[in-house]
Amino acid sequence: MSGDKLHLDHQHLLRLLAQMVRIRVFERRCAELYQREKIRGFLHLYDGEEAIAVGVMATLAPQDAVIATYREHGQAIARGVPMNRLMAELYGKVEGCCRGRGGSMHFFDRALRFIGGNAIVGGGLPLAVGTALGDTMQGRDAVSACFFGEGAVDEGEFHESLNLAALWRLPVLFVCENNLYSMGTALAHAESVTDIHAKAASYGVASEAVDGNDVIAVELAARRAVAALRAGGGPQFLECRTYRTRAHSMFDAQLYRDKAEVEAWKQRSPILRFQSWLENSHLAFDDEVARLEADAEAEVTAAIEFAEAGHLEALEDLERFVVMDEVPA
Amino acid sequence: MTTMTYREACKQAIRAALQADPRVFMMGEDIAAYGGCYAVSKGLCAEFGAERIRDTPLSESAFVGAGIGAAMAGMRPIVEIMTVNFSLLALDQIMNNAATIPHMSGGQFAVPLVIRMATGAGRQLAAQHSHSLEGWYAHIPGLRILAPATVEDARHMLAPALADPNPVLLFEHVMLYNVEGDVDEHLEGVDITHARIRRPGNDVTVITYGGSLPRALAAAETLASDGISAEVIDLRVLRPLDMGTVAASVARTHRCVIVDEGWKSGSLAAEVCARLVESVFYELDAPIARVCAAEVPMPYAAHLEQAALPNAERIVAAVRQVVRPA
């Protein structure tokens with residue numbers, strides 16, 4: 001679905017739910033596979049934040065660029081990167097989306113203009129300014145959607161990038177996933193002013209705060225912002241207020257927050273809320289929800305089988321792609 | 001052949017690139033209205049417009065990162081950083097994005113970006129404008145590091161750098177901008193993979209690059225009058241190093257002095273030295289010597305600054321020690 005109008009038709013609503021469920025199921029299985037040591041390295045799960053990626057991606061067109069974070073499984077799935085290739089990447093297999101060189105924090109997909117998977121907090125913002133600049137200079141009708149957490153607001157690159165995008169009126173959609181904790185540091189312990197969308201506004205960037213656990217609210221806000229970008233309105237900023245209901249990574253004992261707080265946010269889970277609303281409004285039926293859940297389970301199971309059956313990159317290719325022979329077409 | 005300054009050669013290289021390819025544009029601090037802090041881009045904004053000659057805010061990380069993003073979106077940006085010390089503010093983008101994304105993405109993305117910057121001491125600009133940090137950058141896989149030491153290289157290295165699908169860093173030594181030299185305007189670029197012998201000789205190999213090349217050549221002239229024939233090699237490409245040319249020379253002369261304006265500890269000179277030890281150890285008739293900057297933040301006072309830098313006298317002394325130990 002494209003254009004600047006949100007269509008609350010049955011099919012679209014089910015699609016939004018299905019996308020969130022696909023992410024949730026994929027990551028639940030990832031956590032299990034991590035315990036079984038099938039997946040190694042850092043694993044940052046998106047549990048509780050699914051509405052943001054799903055709501056924003058629903059508004060983007062194929063020619064748009066997406067610059068992601070290191071908690072980007074959901075962003076990649078919502079953008080359409082095949083689960084097989086993601087799971088194979090987590091397994092470190094050559095069939096993975098980066099041939100096993102990136103892992104959980106560095107998913108890339110050139111065909112979808114999915115430009116990482118960036119594990120330097122704030123490091124993706126200048127890139128998004130650049131893709132928007134490059135697209136604009138070549139006359140492309142494309143926007144660059146840049147995801148980052150509220151921790152990125154601490155970084156100088158956040159401020160430099162917002163200023164530059166606003167100064168040059170570049171079509172960047174800045175999407176702040178404010179989950180209240182940068183790793184274990186609460187927002188109020190890191191920022192003197194905690195109203196992030198106001199900081200963006202101070203650079204002359206059109207800025208809005210939205211309930212990041214409400215997929216419809218996110219999509220509506222993103223749709224308005226993308227329409228403004230395509231109309232030449234300069235950069236747009238969405239602060240999506242949300243919460244990470246799992247640990248920061250697989251090594252996090254969560255000493256910095258109360259269990260009660262986590263439980264309260266679990267009750268506000270974007271999937272739970274949206275599914276309840278759909279069912280209460282008679283917009284989705286039990287069997288439809290059960291089917292999309294079963295489909296997600298089957299898709300992830302197939303992805304795991306694909307990854308298990310995958311191959312390891314040949315050791316003689318260790319240094320391949322360090323120096324490129326050509327710019328990929 | 002045309003005679004021009006190194007500064008003019010840098011400018012003509014940029015002009016030619018802008019004329020040749022609409023994807024090429026340039027951005028950096030004070031390059032348009034001001035004309036560039038070393039006047040390299042003076043007049044280019046009037047000729048090519050503010051769309052292609054872009055003044056940026058003092059945001060090294062953002063505009064270098066924007067260069068990377070624009071390169072990934074199909075452009076061929078030239079990013080100017082005023083001086084190498086300021087490039088540290090963009091080191092995250094250079095190291096964590098430009099140099100890593102091609103490999104980290106499994107070869108899906110290349111970063112065809114050129115970053116130019118001034119390097120080196122000699123203008124009494126003290127400890128935050130005068131260092132030679134190109135050796136640090138030469139540590140990083142995925143980057144090509146160029147150090148044009150001649151007017152011809154200043155004029156002709158840019159075109160092949162822009163044609164390279166990988167990020168290329170060009171280091172222009174501040175003491176070279178006013179140097180004059182001959183240029184063949186009709187060349188279509190020069191080789192950016194090989195070192196070059198700038199003065200042939202038989203008794204000792206002096207290996208250097210960038211702003212130290214004129215000093216090494218002056219030293220070789222002095223040594224010649226003393227009956228010592230020094231071969232001077234200009235590395236030109238600091239990464240990947242052309243050790244073939246260097247090792248072949250040392251295997252002939254059996255003696256070697258490395259001149260590098262960087263600090264000696266962990267320097268490019270250390271890397272060249274180590275590789276020679278690995279490859280031609282048994283050809284050596286004397287220990288390898290190094291002439292590097294004193295290990296101090298560069299001081300302001302002229303006599304202190306000069307005392308901290310390699311110069312012809314120190315190179316001559318080092319060569320004499322290697323050739324005819326006292």
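In the text below, chain A, chain B and the rest are named by the order of the sequence lines, each starting its count at 1. Because only heavy atoms are used, hydrogens play no part in the values below, and waters and symmetry mates are left out as well, while side chains stay in.
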Does some side-chain heavy atom of A:Phe321 sit less than 4.5 Å from a side-chain heavy atom of B:Ile101? no
For A:Asn118, which of B:Thr100, B:Asn97, B:Asn96 qualifies under side-chain hydrogen bond (donor to acceptor under 3.5 Å, both in side chains)? B:Asn97
With a 4.5 angstrom heavy-atom cut-off, could you sort out which part of B:Pro141 is near chain A: side chain, backbone, both or neither? both
When every non-hydrogen atom of A:Pro328 is compared with those of B:Gly107, the smallest separation belongs to CG-O, 3.5 Å
For A:Met324 and B:Pro102 the tightest heavy-atom approach is CG-CB, 3.7 Å
Report which part of B:Glu51 has an atom under 4.5 Å of a heavy atom belonging to chain A: side chain, backbone, both, or neither. both
Top residue by heavy-atom pair count (under 4.5 Å) with chain A, among B:Gly142, B:Ser105, B:Gly67? B:Ser105
Which atoms of A:Arg140 approach chain B - backbone, side chain, both or neither, heavy atom under 4.5 Å: side chain
Return yes when atom CD of B:Glu47 has more than 12 non-hydrogen atoms of other residues, nucleotides or ligands closer than 6.0 Å, and no otherwise. yes
Looking at B:Glu60, B:Arg144, B:Arg54, which makes the most heavy-atom pairs under 4.5 Å with chain A? B:Arg54
Out of A:Val323, A:Val129, A:Asn163, A:Leu125, which one racks up the most heavy-atom pairs below 4.5 Å with chain B? A:Val323
So which of A:Val94, A:Leu170, A:Thr136, A:Leu133 has the biggest tally of heavy-atom pairs under 4.5 Å with chain B? A:Leu133
Picking from A:Glu319, A:His159, A:Arg320, A:Gln138, which has the most non-hydrogen pairs under 4.5 angstrom with chain B? A:Gln138
Only pairs of heavy atoms separated by less than 4.5 Å count here; which of A:Asp135, A:Thr131, A:Asp317 has the most with chain B? A:Thr131
Would a 4.5 Å heavy-atom cut-off, applied to side chains only, mark B:Met104 and A:Arg101 as touching? no
Using a heavy-atom distance cut-off of less than 4.5 Å, which residues of residues 11-34 of chain B contact chain A? B:Phe25, B:Met27
Establish, from distance only, whether the side-chain atoms of A:Glu160 and B:Ser61 form a donor-acceptor pair under 3.5 Å. no
Relative to chain B, which segment of A:Glu157 carries a heavy atom at a distance below 4.5 Å: side chain, backbone, both, or neither? side chain
Going by heavy atoms in the side chains, are A:Val327 and B:Phe109 under 4.5 Å from each other? no
Counting heavy-atom pairs under 4.5 Å with chain B, the top scorer among A:Glu326, A:Arg99, A:His106 is A:His106
Looking at B:Gln108 and A:Cys97, would you say the former's side chain and the latter's main chain have a donor-acceptor pair under 3.5 Å? yes
Any side-chain heavy-atom pair of A:Arg113 and B:Met72 under 4.5 Å: no
Verify, without hydrogens or angle tests, whether B:His103 (side chain) and A:Leu318 (backbone) share a donor-acceptor contact under 3.5 angstrom. yes
What pair of heavy atoms forms the shortest contact from A:Leu167 to B:Pro57, and how long is it? CD2-CG, 3.9 Å
So which part of A:Phe158 gets closer than 4.5 Å to some heavy atom of chain B, the side chain, the backbone, both or neither? neither
Is it true that atom CZ of A:Phe42 has more than 12 heavy atoms of other residues, nucleotides or ligands lying nearer than 6.0 Å? no
Heavy-atom proximity to chain A below 4.5 Å, by part of B:Arg239: neither
Tightest non-hydrogen contact, residues A:Trp168 and B:Thr56, listed as CH2-CG2, 4.0 Å
Test side chain to side chain contact (heavy atoms under 4.5 Å, CB included) on A:Ile120 and B:Gln93; report intermediate values, then the result. CA-CA 9 Å; A:Ile120 306 296; B:Gln93 289 297 327; over 6 Å; no
